[in-house]
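Have a look at the structure below before the remarks.
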Amino acid sequence: MSEIIPPLSKDLKRVLINEDAIAKRVSELAAEINEKYKDIEEPLILVGVLKGSFIFMADLVRHLTIPHVVDFIAISSYGRKGAERGEVRLLMDTRENLSGHHVLIVEDILDSGNTLNYLITAFKARGTKSVETAVFLDKPERHQIPVDIQFMGFEIPDVWVVGYGLDYKERHRTLPYIAEMIPEK
Ligand code: 5GP
Ligand code: MG
């Protein structure tokens, strides 16, 4: 049976990562996470960074066999100038008290590294047992600060991508694949 692929939106250049490749990689990452945390006594607290991580989180946790709790935070990067200085602001904190727990930050994409660097530092300061990161996409060419990533989905080139939780001005967030945008003129 041939697969029916809906036409790509006009502002998208190409599909970078298709649904099957995503599903396979997410289940591999979950297996790595299950293995790594198999002996922990307290449930692992997964903290998703809204909004971009919500689909990755949903797929990932449905493969987990270890005890775990799902939580989210919302942050905002300051405007362009602020973002260049690496400023990050917490808009909504976790519901869980992270102190004394193993924490896994679940993030859609690693770009400059500012967001994850801020979160890792902030969570460590709360007396967590450990803070690690699961990141669906990585743009190695864009890094400004070194960030230690334990669980990484795919490396991609320096292009703007959408789908699988990632948006462009709230567009394309719920596409089931990762696509490259055509840059605006
Ligand atoms: P960082 O703090 O590492 O510079 O930026 C990470 C954030 O930038 C991500 O969580 C995401 O919100 C945004 N971002 C970076 N690159 C892309 C991209 O290609 N597409 C989308 N939709 N968001 C991106
Ligand atoms: Mg994000």
Side-chain angles (χ1 to χ4, degrees), residues 3 5-36 46-64 72-80 82-88 104-120 131-185:
E3 200 185 344
I5 302 167
L8 209 56
S9 169
K10 282 203 301 287
D11 52 355
L12 302 182
K13 196 167 175 183
R14 61 180 170 137
V15 174
L16 272 185
I17 310 169
N18 69 30
E19 249 185 289
D20 289 348
I22 291 173
K24 180 167 178 286
R25 189 69 191 120
V26 172
S27 76
E28 288 169 358
L29 291 175
E32 289 174 30
I33 293 167
N34 286 329
E35 176 59 28
K36 170 113 190 199
L46 296 109
V47 179
V49 185
L50 291 172
K51 301 179 190 176
S53 72
F54 85 108
I55 294 179
F56 176 42
M57 173 72 98
D59 283 350
L60 191 67
V61 291
R62 285 180 289 170
H63 291 288
L64 293 186
F72 289 97
I73 52 161
I75 50 147
S76 113
S77 303
Y78 282 90
R80 240 187 177 294
E84 279 163 20
R85 289 195 298 269
E87 289 169 19
V88 178
L104 182 64
I105 302 170
V106 177
E107 173 66 311
D108 53 1
I109 186 164
L110 172 62
D111 191 64
S112 69
N114 284 325
T115 306
L116 280 173
N117 180 59
Y118 167 84
L119 290 176
I120 293 166
V131 179
E132 303 212 295
T133 49
V135 177
F136 183 62
L137 299 174
D138 180 21
K139 289 180 178 174
E141 290 164 54
R142 301 262 312 164
H143 294 184
Q144 286 173 22
I145 318 179
V147 181
D148 207 14
I149 305 299
Q150 282 72 40
F151 309 97
M152 159 63 59
F154 299 91
E155 280 191 4
I156 58 163
D158 180 13
V159 295
W160 194 262
V161 292
V162 291
Y164 201 65
L166 293 125
D167 72 312
Y168 174 68
K169 297 181 180 170
E170 292 304 321
R171 275 173 60 73
H172 301 311
R173 199 186 283 286
T174 58
L175 289 174
Y177 46 80
I178 291 287
E180 175 181 347
M181 297 271 316
I182 297 169
E184 268 180 358
K185 303 227 167 60

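Owing to the predicted nature of the structure, the values given are computational and were not obtained by experimental measurement.
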### Query
After noting the C-alpha distance and the side-chain angles of Val159 and Leu16, does the key distance pass the side chain to side chain contact (heavy atoms under 4.5 Å, CB included) rule?
CA-CA 10 Å; Val159 295; Leu16 272 185; 4.2 Å; yes
### Message
Among residues at least two apart in sequence or on other chains, which ones pass side chain to side chain contact (heavy atoms under 4.5 Å, CB included) with Glu35?
### Response
Lys38
### Message
For a quick test of reading the model, state the closest non-hydrogen atom pair linking Ile120 to Val147 and the distance between them.
### Response
CD1-CG1, 3.8 Å
### Query
Salt-bridged, Glu28 to Lys24, with N to O below 4.0 Å?
yes
### Query
Under a 4.5 Å cut-off applied to non-hydrogen side-chain atoms, are Asp108 and Leu137 in contact?
no
### Task
Please tell me if the side chains of Glu107 and Leu110 come closer than 4.5 Å, counting only heavy atoms from C-beta onward.
no
#### Entry: Sub-4.5 Å side-chain heavy-atom contact between Ile178 and Phe136
yes
### Query
How many angstroms lie between atom OG1 of Thr174 and atom CG of Asp167, to the nearest 0.5 angstrom?
10.5 Å
## Note on the structure
Distance col, row Ser76:OG vs Leu50:CG, nearest 0.5 angstrom, shows 13.0 Å
### Task
Go through Leu60 and Ile33 one step at a time and tell me if the side chain to side chain contact (heavy atoms under 4.5 Å, CB included) criterion holds.
CA-CA 10 Å; Leu60 191 67; Ile33 293 167; 4.0 Å; yes
### Query
Aromatic ring centroids of Tyr164 and Tyr177 under 6.0 Å?
no
### Query
Between Lys51 and Glu170, does a side chain to side chain contact (heavy atoms under 4.5 Å, CB included) hold up when you go through it step by step?
CA-CA 10 Å; Lys51 301 179 190 176; Glu170 292 304 321; 3.3 Å; yes
### Nearest heavy atoms of Arg25 and Gly153, plus distance in Å
NE-O, 2.9 Å
#### Entry: Nearest heavy-atom neighbours spanning Glu141 and Pro157
OE2-CA, 3.9 Å
### Task
Please step through side chain to side chain donor-acceptor pair (under 3.5 Å) for the pair His143 and Asp138, ending with a clear verdict.
CA-CA 9 Å; His143 294 184; Asp138 180 21; 2.6 Å; yes
### Query
With a 4.5 Å heavy-atom cut-off, do Ile156 and Ile109 have their side chains touching?
yes
#### Entry: Distance-minimising heavy-atom pair for Met152 and Leu29
O-CD2, 3.5 Å
### Minimal non-hydrogen separation, Phe72 against Val47, with atom names
C-CG1, 4.3 Å
### Query
How close do Leu119 and Val49 get, heavy atom to heavy atom, and via which atoms?
CD1-CG2, 3.6 Å
### Message
Looking at Glu132 and Lys36, is any side-chain nitrogen of the basic one under 4.0 Å from a carboxylate oxygen of the acidic one?
### Response
yes
### Task
Compare all side-chain heavy atoms of Ser112 with those of Arg142 and state whether any distance is below 4.5 angstrom.
no
### Trp160: which of Glu180, Glu184, Met181 passes side-chain contact (heavy atoms from CB on, under 4.5 Å)
Met181
#### Entry: Separation between CG of Leu166 and CG of Leu175, rounded to the nearest 0.5 Å
10.5 Å
### Task
Assess whether side chain to side chain contact (heavy atoms under 4.5 Å, CB included) is satisfied between Ile149 and Leu116, documenting all intermediate values.
CA-CA 9 Å; Ile149 305 299; Leu116 280 173; 3.7 Å; yes
### Message
Using a 3.5 Å distance criterion without hydrogens, assess whether the side chain of Asn34 forms a donor-acceptor pair with backbone atoms of Ala30.
### Response
yes
### Query
With a 4.5 Å limit on heavy-atom distance, are the side chains of His172 and Leu12 in contact?
yes
### Query
Could Asp11 and Arg171 be called an ion pair, given the rule that one side-chain N must be under 4.0 Å from one carboxylate O?
yes
### Query
Does the side chain of Arg173 come within less than 4.5 Å of Val162's, by heavy atoms?
no
### Query
So do Thr133 and Val106 actually touch side chain to side chain, heavy atoms under 4.5 Å?
no
